[in-house]
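Report on the following structure.
Since the model is a prediction, treat every value here as computed from it, not as a measurement.
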Amino acid sequence: MPEGPELHLGSLYVNKMCAGVVFTGPVRKSEVSKSPDVPFTCEAYRITASSRGKEVKLRLTPMKSDDSKQRSKAGQADQTMDVVFRFGMSGYFRFTSEDELPKHSHLCFYSKETPCRVLSFVDTRRFGSWQANGTWQPDRGPCIMFEYESFRKNVVTHLSDRAFDRPICEVLLNQKYFNGIGNYLRAEILFRLNIPPFVPARSVLEGLESEDLCENEKPLKTEIKDEKTSDRVKTVKEETGDLLRLCHTVPLEVVNQGGKELWFNGDPGPMAPKDLKSPKAKKRAKKTEDHDYTDKKKGAKGGSKSTPKKKVVKQETKTAKKEIEKSEEMVSPQKKKRPAARGRKTSSAEPAAGPEKRSGRVTRQSSK
């Protein structure tokens, strides 16, 4: 799931790609999306973006012109509109040509140029959402990255809240206090501080000040000797410090890396991949090839091409059987069945007449 750093990188992407681009026409929503329409149509407007925690805001700003009154009468927007996005499980922005529009584009903004380009909100799982004329959600706390002082004060002054009775691993996902923290960020922060995930949150946060007096100082580190089977001794550095400060600095590390680097703490080890391609991705590609059921593969795997062979074999078997029966009749013709006597009906339950009855009938006739 995208977390605070990914949403901020998404806003930077929009600002970079849409700088100097003029958009036009209505904002178009896909037919399958259940999110609301965005009632905005303008002859010429620009788009800028900003982020706060786990939300991104797109600002649609009409370009000024002398015929603003005429434009409003024609149904054209003359006021700025904010559209607030939440990415859900898989949302992100893409800026492409109209011909290369991603498959799961659910909200599109079209540029005023030829050929046309499109800024689209792509969401494969459709868990994301947007709100026209939206504002930042009031039940979300200050942003962990760009409102650090407010974020810190909001947590420290509300430690008596019942929310902090829960384990620290659960509280770190509470967006009322930790707006922007998600699964991988909480795991990294707790790991660096060597904090067990299921200790009470209040016990970890008590004693922290609402102001970070050591904000500009580097985190303290302790050295731990890690002796393995070899004679070589490695030194692993473990951070010790303020949990709230790491909630601020660790997401900024992700932003500074641009979301493109392998991100981990400590020595990567000798088998660290040299490129960014995941082995799992390669495995999926291979699996897809194996399930490519084209006509060529069907023929190779015993599809329609093997059917005539079966028919030929069946026909040959029938012919051989007939020849065997014919040869048996020529050798012993007495085994042929005699035709049933005319006018006599026999039931299946009636036993067949034995040779005694037939011979007796013949004897009586000869005596006459």
What are the two closest non-hydrogen atoms of [X] and [Y], and how far apart are they?
X: P62; Y: D78; result: CG-C, 3.9 Å
X: S111; Y: V21; result: CB-CG1, 3.8 Å
X: D161; Y: R202; result: O-NH2, 3.0 Å
X: M81; Y: V38; result: SD-CG1, 3.7 Å
X: C143; Y: G53; result: SG-N, 3.3 Å
X: I189; Y: C247; result: CD1-CA, 3.7 Å

Are [X] and [Y] connected, step by step, through hydrophobic side chains (Ile, Leu, Val, Met, Phe, Trp, Tyr) whose heavy atoms are closer than 4.5 Å?
X: V56; Y: F40; answer: yes
X: F127; Y: F93; answer: no
X: I181; Y: Y184; answer: yes

- request: Verify side chain to side chain donor-acceptor pair (under 3.5 Å) between S51 and H8, making sure each step is shown before the conclusion.
  value: CA-CA 5 Å; S51 70; H8 180 63; 3.0 Å; yes

Rounded at 0.5 Å granularity, tell me how far [atom1] in [X] sits from [atom2] in [Y].
X: R126; Y: S33; atom1: CZ; atom2: OG; value: 7.5 Å
X: L12; Y: K16; atom1: CG; atom2: NZ; value: 10.0 Å
X: K57; Y: T135; atom1: NZ; atom2: OG1; value: 7.0 Å
X: M63; Y: T24; atom1: CE; atom2: OG1; value: 10.5 Å

E43/K112 under salt bridge (charged side-chain N to carboxylate O under 4.0 Å, His left out): CA gap, chis, key distance, verdict: CA-CA 8 Å; E43 185 65 24; K112 191 177 183 179; 3.5 Å; yes

query: In this structure, which one of F95, F109, F85 forms a ring pair (Phe, Tyr, Trp, His ring centres under 6.0 Å) with F121?
result: F85

message: Restricting to side-chain hydrogen bond (donor to acceptor under 3.5 Å, both in side chains), what partner residues turn up for R186, sequence neighbours left out?
response: N183

Residues that R86 engages under side-chain hydrogen bond (donor to acceptor under 3.5 Å, both in side chains), provided they are two or more places apart: E55

- request: In plain terms, say whether R52 and E147 are close enough for a salt bridge, that is, a side-chain N and a carboxylate O under 4.0 Å apart.
  value: yes

Please check if the side chain of [X] supplies one atom and the backbone of [Y] the other of a donor-acceptor pair under 3.5 Å.
X: E206; Y: S203; result: no
X: R192; Y: V250; result: no
X: T157; Y: K153; result: yes
X: N154; Y: G141; result: no
X: N179; Y: Q175; result: no
X: D242; Y: L244; result: yes

field: K176, NZ: over 12 other non-hydrogen atoms inside 6.0 angstrom
entry: no

task: Determine which pairs satisfy ring pair (Phe, Tyr, Trp, His ring centres under 6.0 Å) with at least one residue from residues 10-33, sequence neighbours left out, and list them in order.
output: F23-Y45

Less than 6.0 Å separating the ring centroids of [X] and [Y]?
X: Y92; Y: F87; answer: no
X: F151; Y: F178; answer: yes
X: H248; Y: Y148; answer: yes

message: Check for me whether R117 meets the cation-pi criterion with Y110, that is, NZ or CZ under 6.0 Å from the six-membered ring centre and within 45 degrees of the ring axis.
response: no

message: If only side-chain N and O atoms count, and only distance matters, is there a donor-acceptor pair under 3.5 Å linking S30 with H106?
response: yes

